[in-house]
Amino acid sequence: MAAVRGLSLTAAALRAVTPWRRSSTLLAVSAGPQTHREASSSSPEAGEGQIHLTNSCVQRLLEITQGSEFLRLEVEGGGCSGFQYRFSLDTVINPDDRVFEQGGARVVVDSDSLAFVKGSQVDFSQELIRSSFQVLNNPQAQTGCSCGSSFSVKL
């Protein structure tokens with residue numbers, strides 16, 4: 001099952017993970033001086049270094065997040081194509097994070113991951129077999145797997 005391997009988390013799984021992240025030591029380790037750099041993905045001058053949120057993504061995030069929670073998008077090695085997307089709910093903004101906000105919904109991407117997803121769209125897709133956040137139209141990706149969770153980068 002893809003959600004078990006961390007390839008794609010459903011909204012319900014994201015909600016279930018949230019209490020664990022709040023009490024984990026990882027949260028304490030990553031806590032520190034917080035830098036809050038916002039870039040609105042809805043602005044007309046939103047460039048290639050931006051992450052764009054679809055309306056379905058904004059709507060779903062507003063439904064599942066509470067208080068200062070946001071969706072964190074990370075890129076890590078793995079998957080069938082070399083890199084994979086990882087989504088989680090978080091509350092800590094680190095110094096190297098970029099915040100993309102639209103309609104009150106926030107997606108945060110660390111600077112290393114941003115290099116792999118800049119110019120992409122984050123969408124929420126509901127299908128019969130799964131509901132998940134997905135990265136669409138990634139200009140940095142050369143190829144991807146059929147499920148959309150992993151990709152290879154353009155050289």
> Are Q102 and N55 close enough, and set up right, to give a side-chain contact (heavy atoms from CB on, under 4.5 Å), and what steps lead you there?
CA-CA 9 Å; Q102 182 176 326; N55 290 337; 4.1 Å; yes
> Please identify which of these residues, V58, L61, L73, L136, meets the side chain to side chain contact (heavy atoms under 4.5 Å, CB included) condition with V122.
L73
> Is there side-chain contact between V75 and Y85, with heavy atoms separated by less than 4.5 Å?
yes
> Given side-chain contact (heavy atoms from CB on, under 4.5 Å), test V99 with I93 step by step and report yes or no.
CA-CA 8 Å; V99 178; I93 297 174; 3.9 Å; yes
> Quiz question: by atom type and distance under 3.5 Å, do the side chains of S56 and D123 form a donor-acceptor pair?
yes
> How long is the straight-line distance from CZ of R98 back to CG of L114, given to the nearest 0.5 Å?
6.0 Å
> Can you tell me how far the CZ atom of F87 sits from the CZ atom of F124, to the nearest 0.5 Å?
11.0 Å
> Taking 4.0 angstrom as the limit, do E76 and R86 come out as a salt bridge?
yes
> On a heavy-atom basis, which atom in S131 and which in Q126 lie closest, and how many Å separate them?
OG-CG, 3.3 Å
> Is there a donor-acceptor contact under 3.5 Å from the side chain of R60 to the main chain of S125?
no
> Under a single-linkage definition using a 4.5 Å side-chain heavy-atom cutoff for Ile, Leu, Val, Met, Phe, Trp and Tyr, are L89 and L62 assigned to the same hydrophobic cluster?
yes
> What are the two closest non-hydrogen atoms of N138 and F116, and how far apart are they?
ND2-O, 3.0 Å
> Inspect the contact between R72 and D97 and indicate whether a charged nitrogen and a carboxylate oxygen are less than 4.0 angstrom apart.
yes
> Strictly distance-based, threshold 3.5 Å: is any side-chain N or O of S113 a donor or acceptor partner for the main-chain N or O of D110?
no
> Which heavy atom in R106 sits nearest to a heavy atom in E69, and how many Å separate them?
NH2-O, 3.8 Å
> Can you confirm whether Q140 sits close enough to K118 that some side-chain heavy atom of one is under 4.5 Å from a side-chain heavy atom of the other?
yes
> Can you confirm whether F100 sits close enough to V109 that some side-chain heavy atom of one is under 4.5 Å from a side-chain heavy atom of the other?
yes
> Tell me the closest heavy-atom pair linking E101 and G104, and the distance in Å.
OE2-CA, 3.9 Å
> With no hydrogens and no angle check, is any side-chain donor or acceptor of N94 less than 3.5 Å from a backbone partner on D96?
no
> Testing the basics here: between S88 and E74, what is the closest heavy-atom pair and its distance to 0.1 Å?
OG-OE1, 4.4 Å
> Can you check whether D90 reaches V108 side chain to side chain, under 4.5 Å on heavy atoms?
no
